[in-house]
Amino acid sequence: MSNASTATATGAVPDFEHRHAAHCESGTVATLLRTRGLDLSEAMVFGIGGGFFFLYLPWLKMGGMPLTAYRDAPRCIIKNVCKRLGVRMRSERFRNPDEGMRALDALLAQGTPVGLQTNIFWLPYFPADMRFQYNGHNMVAYGKRGDEYLISDPVTDRTVTCPADALRRARFAKGVFAPRGLLYYPESVPAAPDLERVLPLAIRATAKRMVGIPLPVFGVRGIRFLAKHLESWPARYGVKKANALVGNVVRMQEEIGTGGAGFRFLYSAFLQEAGQLLNRPEWVEAAAALGATGDRWREFAILGAQLVKGRETADSAYRKLAETLRDCAAQEERIFTRLKTVV
Amino acid sequence: MKTSDVPQDDSILGEHRRACYALDEHGRYVVVASRGWEVEKVMNAQAVDEIRAQVETLRAQTLRGEVSPLAYHMARCQMTPGLLAANAGVWRWRVKRHLAPRPFARLDRAMLERYADALGMTVEALTQVPEKEQA
């Protein structure tokens, strides 16, 4: 890993500043906007992009596990941020990998930092045990040195390099959410977006999604749905498989770049910053409440780990897990029902 | 969570650091670089061990001539026949067929190259499996 200050290669963006982020998509968008003069924190980008969500789709299996997500679909942050702030983002996909790599090189040669969608399995700078076949990873390329790309991956604490061959593989991997070489960069960024208008709108949209979708799988209802299913897992699948399913939920919450507690702390940070910026004490209050919910989600993770380690007898443990989930659901229901009305 | 509560456990991360949001002494959120969390390690190990066990079974089966080396390398890259088919540009039913030793042994160089490329390895490596269990 090389440091940002030593990145004086040909085709590198001058004075590029790397910032450590919790989530790849919000971190990437924040970096791209900052290079064009709009300095928003990752939390602000995450909040404005409406990244916060919950969904549990038991019928949609990913690697044999029911899909559980603590966030909205990939690319939703990019889409919402562009729409709400009035950013014009240029996106390109490529059928031909050679063409895709040439286009990237040309942009870097002009000094344009570029957002890339990649498959994490092929990125050599990640620890081996974190590399899974997942196509929705976002990062910024800001230069090229010989056969290596200079990468600002928001979820790493410093800049890294990636060999061209690996990057090409990562950009053109196939499967679910196949990136098809996607690259993107802002063409125009407003100097001073109207946050007085945008922030309430973004918070209202997220609150509505959390408590207002009349389907059992989304938002707070999704959390309760998961609690109900989770209780029946040991009887339905046997303890071993049931434990693996719990493990999968916890990994979605903690391992997959969420800033802790499945984005709850990240969104809480957004509410705090937004509330202080626009002087809305009710948002700051909601931030504190959501932070407390985040702590409760962490307890869920700890319980899950004890179960997997075999320190808990299965039946009571599953009941406790489900209770914790219901508690999180109740707290979030209160928070977002209020946010929907006060905004 | 307070900054002092951000876990700094030995974990899967190695040199890597994870960004966590936590409250500083003034009650404001800041980003704290975490070395990892025990909980995360336990859950990750559960998933990784499962994959490793599968890969190891396939390695032994390959050595016994029950499956082709392609089956081993496919599992090592965490791919299903469908995903390998998409990456190599081969029909899925053909991939499934090539997981058996005999049809695999009859593949020509061009086909082997397609698989090798999709799995990020050389043709020579693709036609073999390691004698010993991989860490």
Side-chain angles (χ1 to χ4, degrees), chain A residues 1 19-23 27 42-43 63 121-122 125-133 154-158 165-166 169 172-176 178 243-244 246-248 250-251 254-255 257 259-261 264-266 268-270 272-273 276 287-288 291 294-295 298 301-302 304-306 308-309, chain B residues 1-3 5-7 9 11-24 26-52 74 76-80 82-90 117-121 134-135:
Chain A
M1 294 190 188
R19 274 191 215 163
H20 200 188
H23 180 48
E42 184 207 5
F121 184 82
W122 299 111
Y125 56 82
F126 273 112
D129 287 349
M130 279 178 60
R131 288 163 59 185
F132 292 92
Q133 287 284 353
V155 304
T156 58
D157 55 334
R158 61 195 100 172
D165 178 57
R169 223 171 267 290
F172 289 93
K174 303 285 188 350
V176 185
N243 284 359
V246 171
N248 185 56
V250 174
R251 285 178 55 224
E254 298 296 337
E255 187 182 315
R264 268 56 194 163
F265 295 137
L266 180 53
S268 175
F270 160 68
Q272 186 184 64
E273 194 179 334
Q276 281 165 355
D295 292 336
R298 304 269 291 182
I302 292 169
Q306 284 166 346
V308 168
K309 277 195 292 191
Chain B
M1 188 167 59
K2 298 207 178 81
T3 49
D5 299 332
V6 173
D9 305 341
S11 116
I12 52 168
L13 297 180
E15 292 294 298
H16 194 81
R17 294 287 175 271
R18 193 190 290 296
C20 288
Y21 279 77
L23 298 164
D24 68 7
H26 309 295
R28 292 184 69 109
Y29 274 102
V30 288
V31 176
V32 180
S34 163
R35 301 183 58 223
W37 190 22
E38 171 71 20
V39 164
E40 210 174 274
K41 185 173 153 187
V42 170
M43 296 312 197
N44 177 273
Q46 185 195 35
V48 170
D49 288 351
E50 172 99 22
I51 296 172
R52 287 231 177 96
M74 182 180 88
R76 197 177 48 76
C77 290
Q78 300 173 18
M79 289 191 191
T80 57
L83 189 55
L84 177 56
N87 276 293
V90 179
D117 187 49
L119 296 167
M121 58 199 308
Q134 300 293 290

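Note on naming: letters A, B, ... go to the chains in the order of the sequence lines (proteins, then strands), and numbering restarts at 1 for each one.
Of the atoms belonging to B:Leu84, not a single heavy atom falls under 4.5 Å from chain A. Interface remark: A:Phe132 contributes backbone and side-chain atoms alike to the contact with chain B (heavy atom separation under 4.5 Å). Contact of A:Gln276 with chain B is made through the side chain alone, with heavy-atom distances under 4.5 Å. The part of B:Ala118 that comes within reach of chain A is its backbone (N, CA, C, O), which places non-hydrogen atoms under 4.5 angstrom from that chain. For A:Asp129, the parts lying near chain B are the backbone and the side chain together; criterion is any non-hydrogen pair under 4.5 Å. Residue contact with chain B, scored on non-hydrogen atoms closer than 4.5 Å, is absent for A:Asp165. Heavy atoms closer than 4.5 Å to chain B are found in both the backbone and the side chain of A:Arg298. Looking at B:Gln78, the atoms closer than 4.5 Å to chain A (heavy atoms on both sides) sit in the backbone and in the side chain alike.
Using a 4.0 Å cut-off between charged nitrogen and carboxylate oxygen, A:Asp295 and A:Arg264 do not count as a salt-bridge pair.
Between chain A and the residues B:Pro7, B:Gly120, B:Ala85, the largest count of heavy-atom pairs under 4.5 Å involves B:Gly120. Top candidate by heavy-atom pairs under 4.5 Å with chain B, chosen from A:Ala43, A:Gly291, A:Ala21, A:Pro154, is A:Ala21. Ranked by heavy-atom pairs under 4.5 Å with chain A, the list B:Ala47, B:Cys77, B:Gly82 is led by B:Cys77. With chain A as partner, the option from B:Val42, B:Asn87, B:Ile12 having the largest number of non-hydrogen pairs under 4.5 angstrom is B:Asn87. Chain B forms more heavy-atom pairs under 4.5 Å with one residue of A:Gly294, A:Gly175, A:Ala244 than with any other, namely A:Ala244. Your options are B:Leu83, B:Val31, B:Val48, B:Asn44, and the one with the most heavy-atom pairs under 4.5 Å with chain A is B:Asn44.
For the 3.5 Å distance criterion, the side chains of B:Tyr29 and A:Ser268 qualify, holding a donor opposite an acceptor. Side chains of B:Tyr21 and A:Glu42: a donor-acceptor N/O pair is present below 3.5 angstrom, by distance only.
At distances below 3.5 Å, at least one donor-acceptor pair connects side-chain atoms of A:His20 with backbone N or O atoms of B:Arg17. With hydrogens and angles disregarded, a donor-acceptor distance shorter than 3.5 Å links the side chain of A:Glu254 to the backbone of A:Ala261. Using a distance-only test at 3.5 Å, with no hydrogens or angles considered, no donor-acceptor pair links the side chain of A:Gln133 to the main chain of A:Phe121.
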Query raised in the report: Given A:Glu255 and B:Arg18, is the salt bridge (charged side-chain N to carboxylate O under 4.0 Å, His left out) satisfied, shown in steps?
Result: CA-CA 9 Å; A:Glu255 187 182 315; B:Arg18 193 190 290 296; 5.8 Å; no
**Report entry** Audit row: B:Leu13, A:Met130, side-chain contact (heavy atoms from CB on, under 4.5 Å) steps and yes/no
**Finding:** CA-CA 8 Å; B:Leu13 297 180; A:Met130 279 178 60; 3.3 Å; yes
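By the 4.5 Å heavy-atom criterion applied to side chains, A:Gln272 and B:Leu23 are counted as neighbours.
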